[in-house]
Structures are given as C-alpha cells and as structure tokens.
Undergrad: 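I'd like to ask you about the structure that follows.
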Amino acid sequence: MESSYRSPLRVDLLGGFRLQAGDDQVTLPSGSERLLAFVALCRQSVPRNLIAGTLWPEASERRAYASLRSALARLNGAGRRMLDVGVTEIRLSPDTDVDIDHARSLALRILDRTAPTPDEDLSPSTVSVLSSGLLPGWYDDWVLATAEEWHEQRLHALEALAADFVRARRHADAVAAASAALHAEPLRESACAALIQAHLAEGNQVEALRHFTRYAQRLQCELGLRPTPRLRELVAQLQPAGG
C-alpha cells in the first residue's frame with residue numbers, strides 16, 4: 001500500500017481513459033473518471049459550479065452538486081491524490097502527468113518549421129502517439145470540442161512528420177506516418193499527398209499510383225469530387241496519356 005502511495009501518477013486520455021499509479025492501472029467509477037478527465041483537460045483550477053454544470057448539464061443545480069460530491073467521495077487512493085480539492089475550486093495535482101499534454105508539446109515541436117524536428121522525435125513511437133484520438137467513444141460536448149482540436153493538430157503533425165522522414169530517407173517511417181493520417185481522415189487530400197510522396201521517394205511508383213486511384217474513387221463515390229490539380233500532378237508522370 002505504501003509503495004502504491006509513492007508511485008508516480010498519470011492520467012491517459014489518448015485512446016481511452018486510463019489512470020496509472022506506477023505500473024498499476026486504477027479502476028474508477030464512471031462519474032469519477034469523467035471528473036478526473038475534465039479537470040485534467042482544463043489543467044487549471046476549475047470552479048466547482050462549472051464542473052457540476054458541465055458534467056451534469058441536465059440535472060438541477062442541487063442535483064449536479066450532489067453528483068459532484070459523490071464523484072469526489074468515490075475517489076480513493078491514487079485517484080484522490082490526483083486532485084487538489086478546495087472549498088470552491090478543484091485542480092489537478094501538479095505532480096500528475098497527463099499524456100495529452102506531452103502529445104501536444106510533441107506535435108508543436110514537429111509543426112515548428114523554424115527549427116528542425118529533434119532527432120528523438122523522429123521515431124515510430126511518435127507516430128504511435130499521434131495516431132491516438134482523445135477519449136474516443138466519449139460524446140460529451142466538452143470532450144468533442146477538445147477532441148476535434150487535437151484531431152486537426154495531430155493530422156497536421158503526422159503529415160509534417162512524414163515529410164521529415166522523407167528528408168531523412170526513412171521511407172518506411174514516412175509511409176507509416178502518412179498512412180496514420182489518412183486512416184484517421186480517409187478523404188483528407190493532404191494526407192493522401194503525403195503518402196504518395198513517401199512512396200515516390202522510395203521509388204514505389206505502383207504503390208503511389210494505387211493509393212491515388214483508391215483515393216480518387218472514394219472521393220468521387222462519397223462526395224462527387226475529383227482530386228485537385230495539385231494531387232493529380234504528383235502522379236501525372238505515372239499515368240498513360242489521357243489517364
């Protein structure tokens with residue numbers, strides 16, 4: 001028990017909610033999970049009335065406050081250590097790590113075109129981090145807005161990362177990064193372009209043309225659109241005249 005108390009604390013929100021105390025995963029009731037997730041995303045002191053009104057929007061004020069008290073009471077051990085609970089405000093304990101904070105910093109480093117991407121960020125683990133959505137399957141309004149913001153940020157970072165890998169002649173990693181972006185948003189032309197460029201850099205013309213054709217067919221079928229001239233130009237030399 002003492003060992004668990006001293007374990008480092010971590011809230012994971014990418015790919016789903018997980019609460020870690022050292023190597024141990026901690027299970028919480030649903031209401032307590034939502035409370036921790038909301039405070040972790042705010043990353044600052046949050047008034048109790050804002051928490052109650054956001055997490056239980058359909059309830060009366062009195063009932064929402066009661067639900068908040070219940071969620072706090074059902075926290076114990078590692079979960080309770082993660083929160084600093086004040087009379088009017090609640091915040092995440094400063095010694096608690098949150099994976100989305102590290103992921104955002106990673107994405108910003110990659111997207112900063114004023115400096116080269118650090119070598120330690122050019123790794124398959126970076127692709128893995130950027131491939132994870134925020135709290136998938138959670139449909140609360142407060143989750144969806146932040147999840148969409150992260151979705152756009154990580155797709156831009158994956159595309160930039162693919163370009164970094166191409167420049168470093170790490171073609172397999174470039175394909176993996178671009179494929180992750182396209183998997184997350186199958187009709188995103190910039191992701192398709194990144195994947196085609198990765199294949200072309202490796203000399204895989206057939207793969208480049210195959211992905212272009214698949215994308216063009218899907219775009220036509222679902223939206224009745226054609227790829228832009230910019231994308232068509234990437235494979236113009238690979239197609240027969242009039243193709």
Side-chain angles (χ1 to χ4, degrees), residues 1-2 4-109 111 129-157 184-185:
M1 195 62 150
E2 181 69 18
S4 174
Y5 181 82
R6 295 179 180 276
S7 298
L9 303 175
R10 180 182 178 93
V11 180
D12 288 339
L13 305 177
L14 297 178
F17 182 92
R18 290 174 303 282
L19 173 58
Q20 296 286 141
D23 295 329
D24 299 325
Q25 184 165 335
V26 179
T27 302
L28 295 175
S30 174
S32 299
E33 282 189 357
R34 293 171 70 246
L35 169 60
L36 265 176
F38 180 71
V39 175
L41 284 177
C42 289
R43 260 320 200 186
Q44 59 185 353
S45 294
V46 190
R48 282 176 176 253
N49 62 343
L50 177 60
I51 297 173
T54 301
L55 297 186
W56 295 277
E58 304 300 325
S60 66
E61 181 178 355
R62 181 177 179 180
R63 185 66 179 172
Y65 268 101
S67 296
L68 174 58
R69 288 193 298 271
S70 176
L72 286 169
R74 298 175 75 180
L75 286 171
N76 52 52
R80 184 63 184 81
R81 287 173 55 211
M82 289 186 171
L83 293 180
D84 288 343
V85 181
V87 176
T88 60
E89 296 181 326
I90 299 172
R91 71 183 180 101
L92 200 68
S93 174
D95 60 356
T96 299
D97 276 337
V98 183
D99 63 348
I100 185 63
D101 292 342
H102 298 289
R104 283 170 171 158
S105 295
L106 173 62
L108 288 174
R109 289 196 299 273
L111 290 170
V129 170
L130 297 175
S131 296
S132 298
L134 177 70
L135 293 173
W138 290 38
Y139 300 108
D140 309 76
D141 289 343
W142 58 271
V143 174
L144 294 177
T146 308
E148 180 59 28
E149 178 185 337
W150 167 243
H151 182 72
E152 284 297 319
Q153 186 179 35
R154 73 184 182 89
L155 293 189
H156 281 105
E185 200 70 70

Undergrad: Is it the case that the side chain of Ser67 and the backbone of Arg63 share a donor-acceptor pair, with hydrogens and angles ignored and the cut-off at 3.5 Å?
TA: yes

Undergrad: Going through the distances and angles, do Val11 and Phe17 end up as a side-chain contact (heavy atoms from CB on, under 4.5 Å)?
TA: CA-CA 7 Å; Val11 180; Phe17 182 92; 4.0 Å; yes

Undergrad: Treating Arg154 as the side-chain partner and Leu130 as the backbone partner, does any N or O pair qualify as donor plus acceptor under 3.5 Å?
TA: yes

Undergrad: Quick one: closest heavy-atom pair of Ala21 and Ala78, and the distance?
TA: CB-CB, 3.8 Å

Undergrad: Taking side chain as C-beta onward, heavy atoms only, is Leu83 less than 4.5 Å from Leu92?
TA: yes

Undergrad: Please test Leu68 against Leu55 for side-chain contact (heavy atoms from CB on, under 4.5 Å), starting from the C-alpha separation and ending with a verdict.
TA: CA-CA 8 Å; Leu68 174 58; Leu55 297 186; 5.6 Å; no

Undergrad: On the 0 to 90° scale, with breaks at 30° and 60°, tag the Phe38-Trp142 ring pair as parallel, tilted or perpendicular.
TA: perpendicular

Undergrad: Can you tell me how far the CZ atom of Arg80 sits from the CG atom of Leu36, to the nearest 0.5 Å?
TA: 10.0 Å

Undergrad: Within the 4.5 Å heavy-atom criterion, are Val85 and Ile90 side-chain neighbours or not?
TA: yes

Undergrad: For the residue pair Ala71 and Ser32, what are the closest heavy atoms and their distance?
TA: O-OG, 2.9 Å

Undergrad: Nearest 0.5 angstrom please: Arg34 CZ to Ile51 CD1, how far?
TA: 12.0 Å

Undergrad: At their closest point, which heavy atom of Pro47 faces which heavy atom of Glu89, and how far apart are they?
TA: CA-CG, 4.0 Å

Undergrad: How about Leu72 and Arg48: do any of their side-chain heavy atoms sit closer than 4.5 Å?
TA: yes

Undergrad: If I take atom CZ from residue Arg10 and atom CE from residue Met82, how far apart are they, to the nearest 0.5 angstrom?
TA: 10.0 Å

Undergrad: Just by modelled atom types, is the Ser93 backbone N or O under 3.5 Å from a matching donor or acceptor in the Asp84 side chain?
TA: no

Undergrad: Using 0.5 Å steps for rounding, measure from the CG atom of Leu13 to the CD atom of Glu33.
TA: 10.5 Å

Undergrad: Would you give the length of the straight line joining atom CG of Leu155 to atom CH2 of Trp150, rounded to the nearest 0.5 angstrom?
TA: 9.5 Å

Undergrad: Could you go through the side-chain contact (heavy atoms from CB on, under 4.5 Å) check for Leu75 and Leu35 one step at a time?
TA: CA-CA 10 Å; Leu75 286 171; Leu35 169 60; 4.2 Å; yes

Undergrad: When rounded to the nearest 0.5 angstrom, what distance separates CG in Asp99 from CZ in Arg104?
TA: 10.0 Å

Undergrad: Would Glu149 and Leu134 satisfy side-chain contact (heavy atoms from CB on, under 4.5 Å), going step by step from the backbone distance to the final call?
TA: CA-CA 10 Å; Glu149 178 185 337; Leu134 177 70; over 6 Å; no

